[in-house]
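Worksheet: the structure to be examined is printed underneath.
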Amino acid sequence: MMTLKATTPSTDNVVPLRANFLPRHREYLMRWLDAGTCMGLCDVDVSPRSGNGPIEHVLVWVRENADPAYLLRPEGMNWVLVDNLRDHRLGTFKTFEAALYAIRPVLACGATAAA
């Protein structure tokens, strides 16, 4: 007698889509920070999950606060912008550049550097 065994799909082969922080993002971030100093941007910090792994988040400081004012993190294929001081989600953006533009519109939205 043969018994049938119920099978469940394996999740071992599933790779979740995740936005990546690319070299062009770092270059754009530095240009954005430099251009935004006159609008109160002070500093940024890119925090990786591990030494060479994907990023966990980007923190943005403005001159009005000693603590980071904004947190930007990849979520799926989007970028989530959070008011870090109030722990309030401000929005979800299709591109990293659009999220930075929402913080301070100092560079033309879509002015991405070549990869």
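Here the structure is a predicted model, which means the values were calculated and not measured.
- When side chains are defined from C-beta on, Leu85 counts as touching Asn65, because their heavy atoms get closer than 4.5 Å.
- Taking 4.5 Å as the limit, every side-chain heavy atom of Phe93 sits out of range of all side-chain heavy atoms of Asn78.
- Hydrophobic clustering (ILVMFWY, side-chain heavy atoms < 4.5 Å, transitive): Val80 and Leu71 are in one cluster.
- Placement of Tyr28 and Leu59 in two distinct hydrophobic clusters is found when ILVMFWY residues are connected by side-chain heavy-atom separations under 4.5 Å, directly or transitively.
- Hydrophobic clustering (ILVMFWY, side-chain heavy atoms < 4.5 Å, transitive): Val82 and Leu90 are in distinct clusters.
- The one candidate from Val106, Ile103, Val62 that meets the side chain to side chain contact (heavy atoms under 4.5 Å, CB included) condition with Met39 is Val106.
- In this structure, His25 has its ring center under 6.0 Å from that of Trp79.
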Derivation and outcome, salt bridge (Lys or Arg N to Asp or Glu O under 4.0 Å), residues Asp83 and Arg86: CA-CA 6 Å; Asp83 178 336; Arg86 293 170 192 83; 2.8 Å; yes
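- For the pair Cys38 and Arg63, the tightest heavy-atom approach, listed with the atom from each and the gap, is O-NH2, 3.9 Å.
- Thr95 contributes atom OG1, which lies 8.5 Å from atom CG of Leu100 (distance to the nearest 0.5 angstrom).
- Partner Tyr70 forms a side chain to side chain contact (heavy atoms under 4.5 Å, CB included) with one of Leu41, Val44, Leu81 and no other, that one being Leu81.
- The two residues Trp32 and Tyr101 have their closest heavy-atom pair at NE1-N, 4.5 Å.
- With rounding to the nearest 0.5 Å, the separation of CE in Met77 from OG1 in Thr92 is 14.0 Å.
- Hydrophobic clustering (side-chain heavy atoms under 4.5 Å, transitive across Ile, Leu, Val, Met, Phe, Trp, Tyr) groups Met30 together with Leu107.
- Under a cut-off of 6.0 angstrom, the local environment of CG in Asp45 is crowded, with over 12 non-hydrogen atoms contributed by other residues, nucleotides or ligands.
- Closest approach of Pro68 to Trp61, counting heavy atoms only: N-NE1, 3.2 Å.
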Stepwise side chain to side chain contact (heavy atoms under 4.5 Å, CB included) test for Phe96 and Val58: CA-CA 10 Å; Phe96 180 73; Val58 175; 4.2 Å; yes
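- Within 6.0 Å of CZ in Arg26 there are 12 or fewer heavy atoms belonging to other residues, nucleotides or ligands.
- Between the CZ atom of Arg31 and the CG atom of Leu29 there is a distance of 10.5 Å, given to the nearest 0.5 Å.
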